Amino acid sequence: MRIAVVSDGRGGGRLRALGSATEAGGSLWRVGDLAGAIADYEEHTGGRARWVWASTEEFYPALMGHSLRISRCHDVALVESLLLAYHGRFGEPRSLGAAWARLHGREAPPDPQQRAGEGAEPPPALFEPDLSTLPPDVDRLTALIEVHADQQRRIAELPHPSRFALLCAVESAGALAAVEMAHAGVPWRADVHDAVLSEQLGPRPSGGTRPRVLADLAERISAEFGREVNPDSPAQLLKAFAGIGHPVESTRSWALERVDHAVVPLLLRYKELSRLHAANGWAWLDTWVSHGRFRPDYVVGGVVSGRWATRGGGALQIPKVVRRAVVADPDWTLVAADAGQLEPRILAAVSGDTALAAAAGTDDMYAPLAESFGGDRQRAKIAMLSAMYGQTGGDAAPLLRTMRRVYPRAMAYVDDAARAGEEGRLVRSWLGRTCPPPSRMWRRIVFGDAAPAEGGAETAPAADPRDGERQARSRGRFTRNFVIQATAAEWALVFMAAVRRHLTGLDTAHGVPQLVFFQHDELVLHVPRAIADSSVECLRAAADEARTLLFGATPVRFPLDIAVVECYADA
DNA sequence: TTTGGAAGCCAC
DNA sequence: AAACGTGGCTTCCAAA
C-alpha cells in the first residue's frame, strides 16, 4: 500500500492512498497532526505502508522529532536522480518541482542547495519549509501523485524493472536510515577523545596556538634545516630540502621516507600529529560532539557510485586512533559488522565467473586465489585489486596476465566496462545505477568534438595528442571500477535495509537498538547488551537476504566480520 | 578581503 | 613500492 503525503508546513498535511487501479480516486485525508496520522497508519498496517514523498531529508527529521519511525518510503527526488542517470542525464535537477516541470514540458528549476549543517542540531519540531521547487499555483499532492505515477511507469519500461525497483526501494530505505542515524548519533566519549589528544599533542592549547608537542617539533625541524620553516607549507619544505642538499620532488610522506636525514622522522611525526590536530582535534570535538553523541550528516547517494558522502564532520574518515572515543553507553554494546572482501565477491557474483565464484564461496577468497600465484596471497590480492582498479604500473602487468588466464569471465567483465568508458559509453551497476556520461571537455579532448561556441572562443588550445589517450584511459579506469563499486554499494544498501527491518523485531525492553554508523561496507549498531546476540543474528540473516535478493542462487558468499565490543577501536 | 585550486592525508 | 577507484577535509597560496 502506497500513500502519498505532503505537509502544509504547519504540522498538518494531506495524504492519499494510491490504489493500483484507482490511483486518483483513493481516499484523501486532510489532517491537523501529520505525524500523529502517519504514526496511526504505520501501526494500523503493521509497517507495510510505503510513504511516497518529495524528499526524505525534508520530511523525516520532523517525524523523528516526534519519536516516530517509519518502515518504508519512496523518495521521489532520489528515484528521479536514479532515473535521470539511467538515461544519461546524471546531475540534472531532481526535486519534485523539477520532475513535475519536465513532465509538463517546462524548464526544470534548479534544485535548492542544501545548507551545510554546522555541528549537532536539534531535530526540527515542524516540517521543513517546502523545498520542492513546484510553482506556487500547483497543488503539491496532485503533483506528487502525478510524478510518482510517471516514475513507476518509467521504471516498468526498463529492461530489468524489478531490479531497478529494488534499487529505488533500498535507496529510499537508506535515506530513512541516514536520518535515523543522524538522530541517534554515534556514542562518543568527549573525555576519552580529549585524553587521546592530550596524550599525543600535549594539553589543549588556549586560543588557537599550536599544541606543545607540535610547537616543539616545529622548532626542532627549523633547527635541523638551519632556517625558519613552516612545516605546514609544502613550498617552504621543498626549498628547505633543496637547501640541505636533499632535493625532493614532493613532500608526501612516502617521498620523504627515502631521504636519509635527521629532519625526516621529525617531519613525519609532525605531519601525523598535525593532521590529527587539524582534522579531529579539539575544534572538531567542540563542533561535532554534543551530549555524548557525534551526529554525522550523511548524503545518501552523494557519490556517483552510490556510496554515501557526508556534509561536514568527516564521518567517513574517522581515523583509527580517534575511534577509541566511540564507546557504548553503560549496559549497551556496539556491534560492528564488516563485509570482508566485498568488492572481489561482487565481481565474482556479477561476472558469472565460475572459478572466481568458487573462490568467493570461502571465507578468505584470496587463499584459493593464491594457488594461481605460487601460493603468494599478497600477490593474489594485488592482482585482484589491479583488475578492479585498473592498475597497470608496478608489478601489475604479469599478475593481470595470470588473472586473465585463470578468471577469464571476471576479467572480461571489468575489461568490457573499461572499454565502454574509454569509448564514452555508459556503464551500470547490477541494479541499474548508471555512471555519468563523459563531460563535454572529455569529448573534446578524446573525440576532438568541437568546443562549444562561447563568446567566440572557438579555438581550443593546442592539446597534447597524448591527452586524448590519457583521458580515455582514465575514464576507462573509472567505469571499470564503477560496475564493481556501485554494485558493492547496493549490496550494502540492501543489507542495511534488511538489518533495519530485522531490528524492529527485537525485544526493546532494555532500550531500542539503533543503527549508528555506516561506512561503505561496514555497519555499526548500538544495542542493549541483553540483545547483543540476537542483533548478531539479525546481521547474519540480513547479509544472507542481501545475497539472495541481489544474486539469487549463487555460490558466492558475503561473510561478515562481526565484533561485539565496548569500544569501536577494538572492532 | 574573499575564493578556489593544489597539495596532502584520512577513510573505504 | 607508490601513475590505482570513490570521496572529505584542512592548509597554503595565488588570483580576483
Side-chain angles (χ1 to χ4, degrees), chain A residues 116 208 210 214 229-238 248-258 267-268 270-281 283-284 287-288 296-299 301-323 338-344 346-347 378-379 381-397 399-400 414 417-418 421 427 429 433 435-436 466 469-470 473-489 491-492 517-524 568:
Chain A
R210 265 189 190 132
L214 282 179
V229 173
N230 175 5
D232 289 319
S233 166
Q236 288 185 32
L237 284 177
L238 288 181
V248 287
E249 71 277 19
S250 87
T251 62
R252 289 182 176 88
S253 298
W254 60 261
L256 299 185
E257 276 164 14
R258 300 158 157 193
L267 203 42
L268 293 176
Y270 178 90
K271 279 171 170 284
E272 190 185 344
L273 293 178
S274 156
R275 162 88 195 174
L276 172 66
H277 178 241
N280 295 99
W284 182 92
T287 307
W288 291 100
D297 190 6
Y298 293 105
V299 185
V303 178
V304 288
S305 62
R307 274 154 52 144
W308 291 6
T310 54
R311 250 184 310 250
L316 302 180
Q317 311 134 250
I318 301 299
K320 299 264 159 66
V321 281
V322 172
R323 296 182 182 187
D338 186 300
Q341 306 170 347
L342 179 56
E343 293 191 345
I346 290 291
L347 174 57
Q378 191 55 31
R379 286 190 0 148
K381 188 172 172 178
I382 291 170
M384 191 74 238
L385 296 176
S386 300
M388 294 188 301
Y389 290 159
Q391 179 178 342
T392 52
D395 311 334
L399 298 178
L400 286 176
V414 286
V427 296
S429 71
R433 193 188 300 272
C435 78
R466 282 168 305 186
E469 181 75 2
R470 199 158 55 220
R473 289 211 180 281
S474 168
R475 187 161 191 276
R477 285 193 300 275
F478 164 58
T479 51
R480 171 188 293 272
N481 185 251
F482 182 94
V483 295
I484 304 302
Q485 189 181 112
T487 304
W491 182 92
F517 190 57
F518 174 57
Q519 185 168 234
H520 311 312
D521 59 1
E522 186 180 0
L523 192 59
V524 180
Y568 188 31

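In what follows, chains carry the letters A, B, and so on, assigned in the order in which the sequence lines appear, proteins first and then strands, with residues in each chain numbered from 1. This one's a predicted model, so the numbers in the text were calculated from it and none came from an experiment.
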remark   = Considering only heavy side-chain atoms of T251(A), the closest of dG8(C), dG5(C), dA7(B) is dA7(B)
inquiry  = Expressed as a whole number of angstroms, how long is the span from N280(A):CG to dG8(C):P?
reply    = 16 Å
request  = Calculate the interatomic distance between H277(A) atom NE2 and dT11(C) atom P; express it in whole Å.
outcome  = 9 Å
request  = Starting at atom CD of E249(A), determine the distance to atom P of dA7(B), rounded to an integer number of angstrom.
outcome  = 13 Å
message = Show the nearest heavy-atom pair for residues A383(A) and L400(A), with the distance to one decimal.
response = O-CD2, 4.0 Å
ask   = Does R477(A) make a side-chain donor-acceptor contact with the base of dC4(C), cut-off 3.5 Å?
value = no
Candidate nucleotides dC9(C), dT11(C), dG5(C), ranked by approach to the side chain of D232(A) - the nearest = dT11(C)
note = Between L316(A) and Y298(A) the two heavy atoms that sit nearest each other are CD2-CE2, 4.3 Å
task = Calculate the interatomic distance between L276(A) atom CG and dT11(C) atom C1'; express it in whole Å.
result = 16 Å
task = Assign S305(A) to base, sugar-phosphate, or nothing according to its heavy-atom contacts below 4.0 angstrom with the strands shown.
result = nothing
request  = Just call it for S386(A): base, sugar-phosphate, or nothing, with non-hydrogen atoms closer than 4.0 Å on any strand.
outcome  = nothing
inquiry  = Applying a 4.0 Å non-hydrogen cut-off, can you work out what A235(A) is touching in the nucleic acid: base, sugar-phosphate, or nothing?
reply    = sugar-phosphate
task = Give the nucleotide from the list dG5(C), dC4(C), dG7(C) with an atom nearest to the side chain of A309(A).
result = dG7(C)
query = Between I484(A) (CD1) and dC4(C) (C1'), how many Å, whole number?
reply = 14 Å
task = Tell me what S250(A) touches on the nucleic acid: a base, only sugar-phosphate, or nothing, going by heavy atoms under 4.0 Å.
result = sugar-phosphate
query = In whole angstrom, what separates E343(A)'s CD from dG7(C)'s C1'?
reply = 13 Å
key: Donor-acceptor contact below 3.5 Å, side chain R477(A) vs main chain Y389(A)   = no
Minimum-distance nucleotide (side-chain atoms of N230(A) versus dC12(C), dA11(B), dC9(C)) = dC12(C)
inquiry  = Side chain of P234(A) only, heavy atoms from C-beta on: which candidate in dA2(C), dA7(B), dC4(C) is closest?
reply    = dA7(B)
inquiry  = Check this one for me: any side-chain N or O of S253(A) less than 4.0 Å away from OP1 or OP2 of dC9(B)?
reply    = yes
ask   = Base, sugar-phosphate, or nothing: which does R307(A) touch, judged by heavy atoms less than 4.0 Å apart?
value = base
ask   = R258(A) has a side chain; which of dA1(C), dC9(B), dG7(C) sits nearest to it?
value = dA1(C)
ask   = For the residue pair R475(A) and P436(A), what are the closest heavy atoms and their distance?
value = NH2-O, 3.0 Å
Minimum-distance nucleotide to V304(A) side chain [options: dT10(C), dG7(C), dC4(C)] = dG7(C)
task = May I have the distance from Y298(A) (atom OH) to dG8(C) (atom C1'), rounded to whole angstrom?
result = 14 Å
task = Answer yes or no: does a side-chain N or O of R252(A) lie under 4.0 Å from OP1 or OP2 of dG8(B)?
result = yes
request  = Kindly indicate whether the side chain of K271(A), heavy atoms from C-beta on, has any atom under 4.5 Å from the side chain of L256(A).
outcome  = yes
task = Hey, which sits more toward the 5' end of DNA chain C by its nearest nucleotide, W254(A) or V303(A)?
result = W254(A)
key: From OH (Y568(A)) to CD (E522(A)), nearest 0.5 Å   = 3.0 Å
query = When we call it a touch if two heavy atoms are under 4.0 Å apart, what does Q485(A) touch: a base, just sugar-phosphate, or nothing?
reply = base
ask   = Quick one: is dT11(C) close enough that its OP1 or OP2 comes under 4.0 Å of any side-chain N or O from S233(A)?
value = no
remark   = To the nearest angstrom, the CG-P distance between L273(A) and dC9(B) comes to 14 Å
request  = Could you check whether G313(A) gets within reach of a base, just the sugar-phosphate, or nothing at all, counting any heavy atom under 4.0 Å?
outcome  = sugar-phosphate
query = Base, sugar-phosphate alone, or nothing: which one does R323(A) contact when heavy atoms must sit under 4.0 Å apart?
reply = sugar-phosphate
query = When rounded to the nearest 0.5 angstrom, what is the spacing between OG in S305(A) and CZ in F478(A)?
reply = 8.0 Å
inquiry  = Taking the minimum atom-to-atom distance to the side chain of K271(A), which one of dG5(C), dC9(B), dC4(C) wins?
reply    = dC9(B)
